[in-house]
Amino acid sequence: MKTHEQSTDTPAAPAAADRAATGPAAARPTAPVAGSPGAGSRGAGNPAVTGPAAVSPAAAVAAAAATTAADEDAAITVTTEGLPTWLDPVASAARTIEPDQLSRFLPPESGAGRQSAVLVLFGEGERGPELLLMERSGSLRSHAGQPSFPGGSLDPEDGDQATTGPLRAALREAREETGLDPRGVQLFGVLPRLYIPVSGFVVTPVLGWWRSPSPVGVVDPGETARVFTVPVADLTDPANRATAVHPSGHRGPAFLVESALVWGFTAGVIDRILHFAGWERPWDRAKQVPLDWRA
């Protein structure tokens with residue numbers, strides 16, 4: 001079961017998010033951590049990243065199958081060593097941001113909710129830094145056609161939900177949905193768990209650097225309509241930003257990029273990353289994009 005449920009509950013408004021972060025959030029998973037910003041090779045030491053190429057479903061499945069069982073069993077670590085310097089602000093925010101600075105909807109204290117994870121994957125394409133997104137199939141009964149991060153529910157084989165389970169789940173789901181080769185991804189941070197009330201999912205955003213890009217594309221057309229990347233420059237462009245307005249009255253950030261309207265949970269996470277990384281540019285919050293009840 002996938003977690004690409006776009007909630008009308010989006011992260012907190014900037015006023016609430018401007019509070020100073022005082023330390024890492026206790027709610028996020030823990031994993032072995034090596035290195036720190038400034039450690040290891042920087043910038044030029046990284047292999048060139050040119051962006052993913054579109055592939056057929058068959059080729060995407062073949063790419064997904066390239067990851068061996070031995071790779072699946074390998075230890076997963078979170079490290080900032082060797083990151084490009086432009087990712088330093090994101091890595092720094094991941095270490096210090098508190099859950100309520102991301103959203104007012106946090107996991108129930110009772111522990112209820114279905115554990116899941118998404119992969120927030122940064123790469124570097126022809127136009128500089130970019131994010132990997134996918135669009136849900138238009139034939140799905142719920143949230144059809146909505147863009148999202150790759151991700152889904154934790155499976156038993158992913159392991160402990162409090163440690164490396166979300167990390168494995170994020171990589172596994174990204175491979176299953178886009179054909180991504182997880183061996184080319186360096187995980188460098190984990191954001192606090194967030195809650196999507198409309199679906200009951202507890203979602204862990206896992207941050208990754210696409211160190212060695214691999215071909216990606218639609219693996220299952222029944223679930224995914226397309227896989228695409230969005231330049232960070234387009235996400236920060238005020239002309240591409242708006243406020244999504246649901247018929248229920250709820251409002252949240254939205255992005256009009258790559259012929260898609262990104263809103264809900266995905267847009268909320270992107271909005272907060274841009275804000276805390278210092279990449280956000282002033283934009284017209286009065287510019288509205290109406291949603292319908294099917295959204």
Side-chain angles (χ1 to χ4, degrees), residues 10-25 27-31 33-49 51 77-103 118-133 149 167 170 185-194 203-211 213 229-238 240-241 253 255 257 262 265-283:
T10 53
D18 284 338
R19 295 190 300 274
T22 57
R28 74 194 72 187
T30 58
V33 178
S36 60
S41 60
R42 314 292 290 175
N46 293 327
V49 180
T77 60
V78 176
T79 176
T80 59
E81 184 175 359
L83 283 182
T85 55
W86 58 264
L87 271 175
D88 282 351
V90 181
S92 178
R95 291 194 305 271
T96 60
I97 196 168
E98 298 289 345
D100 62 357
Q101 293 178 306
L102 285 178
S103 175
V118 295
L119 181 64
V120 184
L121 184 61
F122 290 90
E124 191 165 350
E126 295 180 356
R127 295 182 54 205
E130 60 187 12
L131 271 177
L132 178 69
L133 296 176
F149 300 117
L167 311 183
V185 176
Q186 174 183 335
L187 302 183
F188 69 89
V190 181
L191 297 180
R193 291 186 178 95
L194 303 176
V203 187
T204 300
V206 178
L207 305 178
W209 158 236
W210 210 349
R211 177 177 291 280
T229 57
V230 180
V232 171
D234 287 351
L235 293 169
T236 60
D237 186 344
N240 297 331
R241 303 210 56 179
F255 300 84
V257 290
V262 183
F265 176 85
T266 302
V269 172
I270 295 174
D271 173 78
R272 296 295 80 200
I273 289 176
L274 297 181
H275 175 76
F276 284 105
W279 296 344
E280 183 179 35
R281 296 165 58 187
W283 56 282

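Not measured: the values here are computed from a predicted model.
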Peer 1: Out of curiosity, L132 CG to L119 CG, how far, rounded to the nearest 0.5 Å?
Peer 2: 7.5 Å

Peer 1: So which atom in P253 and which in G268 form the shortest heavy-atom distance, rounded to 0.1 Å?
Peer 2: CG-CA, 4.1 Å

Peer 1: Considering non-hydrogen atoms only, spot the tightest contact between P89 and A277 and give its length.
Peer 2: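 The answer is CB-O, 3.3 Å.
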
Peer 1: When you look at V269 and L194, which way does the side chain to side chain contact (heavy atoms under 4.5 Å, CB included) test go after all the steps?
Peer 2: CA-CA 10 Å; V269 172; L194 303 176; 4.2 Å; yes

Peer 1: Do Q186 and T79 touch side chain to side chain, with heavy atoms closer than 4.5 Å?
Peer 2: yes

Peer 1: Testing L131, I270, N240 for side chain to side chain contact (heavy atoms under 4.5 Å, CB included) with V257, which one passes?
Peer 2: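 Only one option passes, and that is N240.
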
Peer 1: What distance separates L121 CG from W209 CH2, expressed to the nearest 0.5 Å?
Peer 2: 9.0 Å

Peer 1: Passes salt bridge (Lys or Arg N to Asp or Glu O under 4.0 Å), R211 versus E124? Steps please.
Peer 2: CA-CA 9 Å; R211 177 177 291 280; E124 191 165 350; over 6 Å; no

Peer 1: Does L102 reach the side chain of R272, with side-chain heavy atoms less than 4.5 Å apart?
Peer 2: yes

Peer 1: Heavy atoms only: give me the nearest P205-P192 pair and the separation to one decimal.
Peer 2: CD-O, 3.5 Å

Peer 1: Indicate the ring-plane relationship of F122 and W279, choosing parallel, tilted or perpendicular according to the 30° and 60° boundaries.
Peer 2: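 Answer is perpendicular, since the angle exceeds 60°.
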
Peer 1: When rounded to the nearest 0.5 angstrom, what distance separates OG in S103 from CZ in F265?
Peer 2: 8.5 Å

Peer 1: Could you give the distance from CZ (F255) to CG (D234), rounded to the nearest 0.5 Å?
Peer 2: 11.0 Å

Peer 1: Could you check V118 against V206 for side chain to side chain contact (heavy atoms under 4.5 Å, CB included), going step by step and ending with a plain yes or no?
Peer 2: CA-CA 6 Å; V118 295; V206 178; over 6 Å; no

Peer 1: Give, for atom CD1 of I273 and atom CG of L207, the distance between the pair rounded to the nearest 0.5 Å.
Peer 2: 5.5 Å

Peer 1: Is any side-chain heavy atom of T236 closer than 4.5 Å to a side-chain heavy atom of L274?
Peer 2: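 Of all side-chain heavy-atom pairs linking L274 with T236, at least one is under 4.5 Å.
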
Peer 1: Mind listing the closest non-hydrogen atom pair of A233 and R127 along with its distance?
Peer 2: CB-NH2, 4.4 Å

Peer 1: To the nearest 0.5 Å, what is the distance between CG (L83) and CZ (F188)?
Peer 2: 6.0 Å

Peer 1: Could you report the tightest heavy-atom contact between R241 and D237, atom names first, then the distance?
Peer 2: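 Looking at all heavy atoms of both residues, the shortest contact is CG-O, 3.5 Å.
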
Peer 1: Can you check side chain to side chain contact (heavy atoms under 4.5 Å, CB included) on L191 and T204, steps first, answer last?
Peer 2: CA-CA 7 Å; L191 297 180; T204 300; over 6 Å; no

Peer 1: Answer whether the closest heavy-atom distance between the side chains of T229 and L133 falls below 4.5 Å.
Peer 2: no

